Amino acid sequence: MNARAFAVRAAVAAVVVATAVACQPRFGATLAEPSAGTLTIYAAASLKAPLDAVASAYRRSFPDVRFTVSTDSSAALAAKIHEGAPADVFLSADTESPAKLAATGLVDAPVVFAGNAPAIVVPAADPAAIATPADLARPGLKIVAAADGVPITAYARELVAALASEPGYPADFEARYEANVVSREDNVGATLAKVALGEADAAIVYVTDARATANVRTITLPDDVSVRATYAGAVVLSSPNRGPAAHFLGWLAGPDGQAILGPLGFLPPP
């Protein structure tokens with residue numbers, strides 16, 4: 001998919017989510033605070049460690065609330081919700097996955113709660129001697145990526161397309177990059193793990209994952225290359241805990257949640 005197609009798709013998704021957010025109540029301000037119970041959270045793999053900090057902070061204010069967190073690619077979790085798996089809140093690394101579920105009546109209007117950005121990582125030892133993003137086109141490099149349908153895959157392709165338009169990059173940079181992809185993993189966590197273990201020369205993951213992972217190094221991007229990842233969450237309409245779930249999602253998107261996510265490298269909602 002070329003850069004123009006990605007731009008169109010992102011614009012459509014943004015309109016869908018912006019419309020949904022504009023029509024919904026401010027959960028934290030309109031719903032009663034939760035008293036007790038367990039919330040089942042389906043969350044993107046890139047939120048696995050951050051949700052530990054989020055849950056701890058939330059429980060300081062609401063100590064009787066418990067969390068059961070299941071993480072995987074946003075696409076895999078959306079498929080589970082579509083199949084009827086029990087969950088209260090869906091936290092996705094994109095806007096499209098919850099928007100599609102909302103369109104079929106499975107979740108409430110999505111709420112944008114954070115932003116992120118893709119980053120190129122290499123093993124700390126960097127045996128392939130990757131100095132710049134242009135090196136990703138070098139023949140024989142072993143790049144690991146996530147599967148089609150996983151949000152980081154779309155963001156990575158958008159980043160590669162943006163790099164391809166940079167001065168000095170080969171005209172077939174995108175094709176050379178794809179030729180170097182040796183495996184596709186189920187989610188961004190598995191992709192990052194392969195680089196950290198030295199089983200791949202490079203990967204495109206999220207900035208927040210790169211910051212929080214030992215044994216990897218981030219390759220600096222050109223100043224004019226910027227791709228934003230947008231995270232949106234939604235309350236599952238079949239949840240028996242819709243009130244507490246909506247309260248948590250509103251809290252996460254509000255100042256209290258942002259005070260936890262910001263220091264971890266996440267961007268605030270637009």
Side-chain angles (χ1 to χ4, degrees), residues 1-27 41-48 50-51 54 71-82 87-119 146-159 161-162 187-188 204-209 226-237 239 245-246 248-254 257-258 261-262 264-270:
M1 187 178 296
N2 60 32
R4 181 178 179 182
F6 274 116
V8 171
R9 189 180 69 173
V12 171
V15 169
V16 170
V17 174
T19 302
V21 172
C23 296
Q24 69 187 339
R26 295 291 182 179
F27 291 132
I41 310 294
Y42 277 12
S46 55
L47 291 169
K48 184 174 183 179
L51 275 178
V54 166
T71 58
D72 203 339
S73 76
S74 300
L77 295 172
K80 289 182 179 180
I81 293 172
H82 191 269
D88 299 311
V89 179
F90 175 39
L91 301 178
S92 180
D94 65 358
T95 58
E96 292 182 356
S97 297
K100 288 178 180 177
L101 290 175
T104 58
L106 293 175
V107 302
D108 208 342
V111 177
V112 174
F113 65 88
N116 209 334
D148 289 336
V150 178
I152 189 62
T153 301
Y155 298 133
R157 286 174 175 157
E158 187 177 351
L159 175 60
N187 57 58
V188 69
I204 297 177
V205 299
Y206 293 108
V207 165
T208 53
D209 288 328
S226 177
V227 175
R228 182 185 176 101
T230 303
Y231 286 53
V235 175
V236 180
L237 291 179
S239 164
F248 168 72
L249 184 54
W251 179 94
L252 182 63
Q258 297 307 303
L261 294 176
L264 298 176
F266 287 91
L267 303 171

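Note that the structure is predicted; figures quoted are calculated from it, not measured.
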Correct closest heavy-atom pair for Pro110 and Ala102 would be CD-CB, 4.1 Å
Any side-chain donor-acceptor pair under 3.5 Å between Ser73 and Asn187? no
Using distance alone, with no hydrogens and no angle criterion, decide if Tyr231 and Asp94 have a side-chain donor and acceptor under 3.5 Å apart. no
Closest approach of Ala44 and Ser92, non-hydrogen atoms and distance? CB-C, 4.3 Å
If we only count heavy atoms from C-beta on, is the Leu91 to Leu252 side-chain gap below 4.5 Å? yes
Sub-4.5 Å side-chain heavy-atom contact between Gln258 and Pro269: yes
Just do the side-chain contact (heavy atoms from CB on, under 4.5 Å) check on Leu261 and Val54 with the steps written out, would you? CA-CA 8 Å; Leu261 294 176; Val54 166; 4.0 Å; yes
Could you give the distance from CG (Asn116) to CZ (Arg228), rounded to the nearest 0.5 Å? 9.0 Å
Check the pair Ile204 / Leu159 against side-chain contact (heavy atoms from CB on, under 4.5 Å), numbers first and verdict last. CA-CA 9 Å; Ile204 297 177; Leu159 175 60; 4.1 Å; yes
No-hydrogen, no-angle side-chain donor-acceptor test under 3.5 Å, Ser74 and Tyr42: no
Measure from the side-chain N and O atoms of Glu158 to the backbone N and O of Val227, and report whether any donor-acceptor pair falls under 3.5 Å. no
N-O pairing of Asp209 and Lys48 below 4.0 Å: no
Is there a donor-acceptor pair under 3.5 Å between the side chain of Tyr155 and the backbone N or O of Thr230? yes
Nearest-0.5 Å distance, NE2 of residue His82 to OG1 of residue Thr104: 5.0 Å
Between the main-chain N or O of Gly265 and the side-chain N or O of Thr208, is there a donor-acceptor pair closer than 3.5 Å? no
For a quick test of reading the model, state the closest non-hydrogen atom pair linking Ser239 to Asp88 and the distance between them. OG-OD1, 2.5 Å
Just wondering, do Val89 and Val236 contact through their side chains at under 4.5 Å, heavy atoms? no
Would you say that Leu106 contacts Phe90 through its side chain, given a criterion of any heavy-atom pair below 4.5 Å between the two side chains? no
Pairwise distance CG(Leu77) to OG1(Thr71) - rounded to 0.5 angstrom: 7.5 Å
Do Ile41 and Leu51 come close enough that some side-chain heavy atom pair is under 4.5 Å? yes
Does a side-chain heavy-atom distance below 4.5 Å link Val235 with Val111? no
Can you find a pair of side-chain heavy atoms, one from Phe266 and one from Phe113, that are under 4.5 Å apart? no
